[in-house]
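Below is one structure, written out as structure tokens, with a few remarks after it.
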Amino acid sequence: MQSSVYTADVGAGMPQGLVGRAGDVERIEGLLGSVDSGGAVLLTGEPGVGRTALLGHLALRATAAGARVLRAAGTESESGVEYAALNQLLFPLWEEDPQAVDGAHSAALRVALGFGEGAPPERFLVSNAALVLLRRAAAATPILLVVDDLQAVDPASAAVLGFVARRLAGSRVRFLAARRGRRGRAETAVRAEYEVLPLDEGASRLLASASHPDLAAPVVECVAAAARGNPLALVELPAALTGPQRAGLERRPAALPLTRRLREVFGSCVAGLPEATRRLLLVPALEGTGDLAVLQCAARRLGAGADLTELEAAERDGLVRIEEFDHRLSFRHPLYRAAVVEASTSAERRRVHRELAEVLHDRPDQRAWHLGEACVEQDEDVAALLEGTAHRVLRRGEATAAIRALTKAAHLSPGAADRGRRLAAAAYIRADASGELTMASRLLDDARRFGSDDRASLYSAAVAVHRLLDGEGDIDTAHQILLGAIENGDHPYGACDPALEEALYLLLLLCCLGGRAELWEPLHKILERLGPDAPRLLAVNVATQGDPARTALPAMGDLEELIAGLPQETAPSRITRIGTAGIAADRLTGVRDALSRVPSQGRRQIVTLPLLCTDAFLSGRWDDTTELADEGLRLCKEHAFEAVSWYFLYYKAVVAAARGEAGVAEETADAMGVWGTSRGAHHLVTLAEHIRVLVAQAEGDFERAYRHAAAISPPGELAPYTPVALLVVGDVVEAAVRTQRPAEAAAHVAAARHAGIAALSPRRAMVVDASRAMAAEADEEAIGLFERALAHPGVQQWPFDLARVTLAYGERLRKARSTTDARASLSAALATFEQLGARPWADRARRTLQATGWMVKRADGPESVSLTPQELEIAHLAASGLTNKQIAERLYLSPRTVGGHLGRVFPKLRITSRAALRDALTGLARR
């Protein structure tokens, strides 16, 4: 009979004492069957994956369920002693009742277990005796046999256990074993094989954090990446780090060192290989990509053999895999690679690196790295090669590799100024890409000891600005520091200078946050000084972010070309900068696919998430908006990015405002306004006002809406250097009309038309035409303008804005006594608002629709309740008394997702507490 192999589903939950193994426990117990079924299961998996921990946990559960557990473990020292493992298992039963078996069976078992003398018994007799003993003992109490390290069990015991495992059906004896590596002959009797897989990312981080609470968040990520889900590695790797390294205060080694226990587990597998195999394994361990052609050439140069046949032993033992389709070798786990490297000498490693550099002469980045590793003395030529590599890999988004290359280049630099500049560049990448400001500061301290040039000063100033933004500093101070470094340096004003370009992007960020003309003027002068060679992307960002009402339109041609080139773009920084430039012109849909390619790590991810939030909110995916904002806030908390966190709070607040959660939205607006005012961040102050505008509009308080909208952009003027002014064009006009300020409404419409913002996007055009319609005195003119507003191509991709214009159109149609057309528009707006969950807007549309004489049922009323299948399931589980966490575990969701579903269920059922769920669901079932 062919054996079955089951793949573990890890991370589904966490039994007490284990992390991420709820799915494993459930499936293994299912394979073992009930106490009367007599099942047998073999656990397999890589070293350190947690087989022993699972055996122990399952043994405890069996004991708690009333079974008797008999345990044994194979050891190398006893692998040559016949029946050593069988003695471990059966001695307790034999000691309790030596008469349980009789006759020839008794004599054979007595000799096998070492309690009697005589000729070696026939194995068949011993096997039968063991089976009889177990079955008789299990008649009173179910038995679970647990055998660990089955591969090290002596052959005689393994044969008996195989015999027993094949004959457990119908008994009250179950067999659970674990082994490392491939199945042996004796284990073929265990037909149910369960492979224990590594932990998933979430469980890996949880285990590392729980085992070492002092680990800083970036270190947890580093350990999780190195361990690749191996529980033993997750627990052991941090132990090899120093206290400052664990706290993220000092640089960590590129490859985390192995502890004694990891060396025993993974190193022993390597030590058991033939010497020629171990020597040759160092080549793929240091080469990294596993390209068989490269490995073959390097092996020949080293004289380790004419081909790679010496690696067959490692392949047979499962340490490496050869992928035939792409001709690559890979280690089964990174710790095998680490064990190979640790077992080598520094001279051996340098020799392999030298030969790999020769083989990789046509791959400059890999060649530079291997040359750097082969160097003993300082070498400016190699340092320059590594510096070039750093800039190239950074453009591909590999910030960690860039930092390593620059740091290595610095150590190889003979000149102090070169060393300082390269360390300063590494510090800036550390701060900008990964957000590790403490580590960046330490790199800067190293750079200052060697002196620095003007480019190093730019990097130093940029790191200082990051620290100010994420600490207690204000915008003006940060602006002065960075502007001083740019203007006072003796560097050339060239577009190809990466230090200057990064400093200018950071200065642009400060100008955007400050939102004042006096901050922007120096940046414009610097760009003029750069002349016609100013980077096009930088110029486009300045035009679209600074004063988009006046300067964005001329940059649209360049922006469209940049967006068209995104499918071929690989640099994460350029992707996010193109996306940021596209906000004012509503081009985020064209950037969406490219944004998905940006690495999800550090500051890069935090820069990307606000763009995704903007896109999700505008396109009506408000639940996604909230989830993305929550993820951003989590990252901001982990990395202490206080300034950026306000953007995520803003998006949560605008969703809350649109859905009628005024208290939550106002609270965020108040806090944001205080923080922005105290730091000189005028942009955040205007965002806070925008939240208040949405709250007031949703509540129908147009006087308050007018006051807050006018604070952003006074009527008749699109406030300069205030991008939020574009967001409130329609709000200013509608609030002015509703509060009997027709002149102000007309003046603001004129300002919007004069600025030409309608040409930026169909959404802007729709808002401008709708504003003209709202300000028009004659109904006929207004209706024509509304129809024009709604006819712009593609406006359906902005459902909330479209529904607001459709609602205003329906209200004007009703006023003009065009009842039938009014009902059609109002019904369309109502449907969209209900789909979005924009309750106050839906109520406004419903009231107006009812005023036309149309009978409307509430979407959340008892007569028309509609719950999705998942909402209904969650509601029933909550009504049964389960907590959000318990429901999440039951349905494989997160507690936050469960809470979100319940947050939508309660309003639909018109209840406010869990206590009312049971009655509401009962009533729903009757209907």
Side-chain angles (χ1 to χ4, degrees), residues 653-666 669-670 673 686-719 722 724-752 766-779 782-783 785-786 789 800-816 822 825-826 829-830 832-833 836 838-852:
V654 294
V655 171
R659 285 180 164 169
E661 301 166 11
V664 174
E666 291 273 20
D670 291 343
T686 58
L687 287 178
E689 290 290 357
H690 183 231
I691 295 170
R692 297 187 181 102
V693 169
L694 286 177
V695 170
Q697 286 275 25
E699 294 179 343
D701 188 343
F702 295 106
E703 181 62 40
R704 187 156 56 100
Y706 178 81
R707 188 169 65 251
H708 291 303
I712 298 171
S713 187
E717 176 189 4
L718 297 185
T722 307
V724 185
L726 294 183
L727 297 179
V728 296
V729 168
D731 296 297
V732 171
V733 173
E734 181 178 17
V737 169
R738 296 273 191 167
T739 57
Q740 308 304 313
R741 294 180 173 96
E744 287 84 347
H748 210 64
V749 169
M766 177 180 67
V767 171
V768 170
D769 284 336
S771 299
R772 293 175 62 195
M774 287 186 284
E777 294 185 4
D779 289 336
I783 290 171
L785 287 168
F786 270 123
F800 184 52
D801 297 272
L802 177 61
R804 288 187 62 181
V805 172
T806 306
L807 172 61
Y809 179 36
E811 291 171 334
R812 191 62 180 254
L813 287 168
R814 174 178 170 263
K815 179 185 176 185
S825 291
L826 293 169
L830 174 60
T832 301
F833 289 138
L836 292 171
R839 181 183 55 77
W841 296 92
D843 289 344
R844 175 173 156 185
R846 188 179 296 106
R847 288 192 300 269
T848 310
L849 192 54
Q850 288 171 338
T852 67

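Computed from a predicted model, the values in this text were never measured in an experiment.
Considering every non-hydrogen atom in both Gly810 and Ala822, the closest pair reads O-CB, 3.6 Å. Nearest heavy-atom pair across Gly673 and Ala688 is N-CB, 3.9 Å. Residues Ala838 and Phe800 approach most closely at CB-CE1, 4.4 Å, considering heavy atoms. Nearest heavy atom pair, residue His748 against residue Gly716, reads ND1-N, 3.1 Å. The shortest non-hydrogen separation linking Pro715 to Tyr706 is CG-OH, 3.0 Å. The minimum heavy-atom distance linking Ala789 with Val805 is given by the pair CB-CG1, 4.4 Å.
The CD1 atom of Ile783 lies 10.5 Å from the NZ atom of Lys815; values are rounded to the nearest 0.5 Å. Taking CG from Leu694 and NE2 from His708, the interatomic distance works out to 11.5 Å, rounded to the nearest 0.5 Å. Taken to the nearest 0.5 Å, the CG atom of Leu718 stands 12.0 Å off from the CD1 atom of Ile712. From Thr739, atom OG1 reaches atom CD of Glu734 across 10.5 Å, with rounding to the nearest 0.5 Å. Note that CD1 of Ile691 is 10.0 Å distant from OG1 of Thr686, once rounded to the nearest 0.5 Å. Interatomic distance, Leu826 CG to Leu813 CG, rounded to the nearest 0.5 Å: 8.0 Å.
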message: Test side chain to side chain contact (heavy atoms under 4.5 Å, CB included) on Asp670 and Arg692; report intermediate values, then the result.
response: CA-CA 9 Å; Asp670 291 343; Arg692 297 187 181 102; 3.0 Å; yes
task: Carefully, step by step, assess Asp843 and Arg846 under the rule side chain to side chain contact (heavy atoms under 4.5 Å, CB included).
output: CA-CA 5 Å; Asp843 289 344; Arg846 188 179 296 106; 2.8 Å; yes
Phe833 and Arg844: CA distance, side-chain angles, deciding distance, side chain to side chain contact (heavy atoms under 4.5 Å, CB included) verdict: CA-CA 10 Å; Phe833 289 138; Arg844 175 173 156 185; over 6 Å; no
Extract all donor-acceptor atom pairs below 3.5 Å that involve side chains of residues 768-777 and protein atoms in other chains or at least two apart in sequence.
residue: Asp769; atom: OD2; partner: Arg788; partner atom: NE; Å: 3.3
residue: Asp769; atom: OD2; partner: His792; partner atom: NE2; Å: 2.7
residue: Ser771; atom: OG; partner: Val767; partner atom: O; Å: 2.8

Tabulate below the donor-acceptor pairs under 3.5 Å that side-chain atoms of residues 724-732 make, not counting sequence neighbours, or state none.
residue: Asp731; atom: OD1; partner: Gln697; partner atom: NE2; Å: 3.1
residue: Asp731; atom: OD1; partner: Arg804; partner atom: NH1; Å: 3.4
residue: Asp731; atom: OD1; partner: Arg804; partner atom: NH2; Å: 2.8

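Although no hydrogens or angles enter the test, the distance criterion places a donor-acceptor pair under 3.5 Å between the side chain of Arg659 and the main chain of Leu836. Side-chain atoms of Ser825 do not come within 3.5 Å of backbone N or O of Thr806 as any donor-acceptor pair.
With sequence neighbours excluded, no residue forms a salt bridge (Lys or Arg N to Asp or Glu O under 4.0 Å) with Glu717.
Note on Glu703 versus Arg741: salt bridge recorded, some NZ/NE/NH1/NH2 to OD/OE distance being below 4.0 Å.
Using a 4.5 Å heavy-atom threshold, the side chains of Leu830 and Leu849 count as touching.
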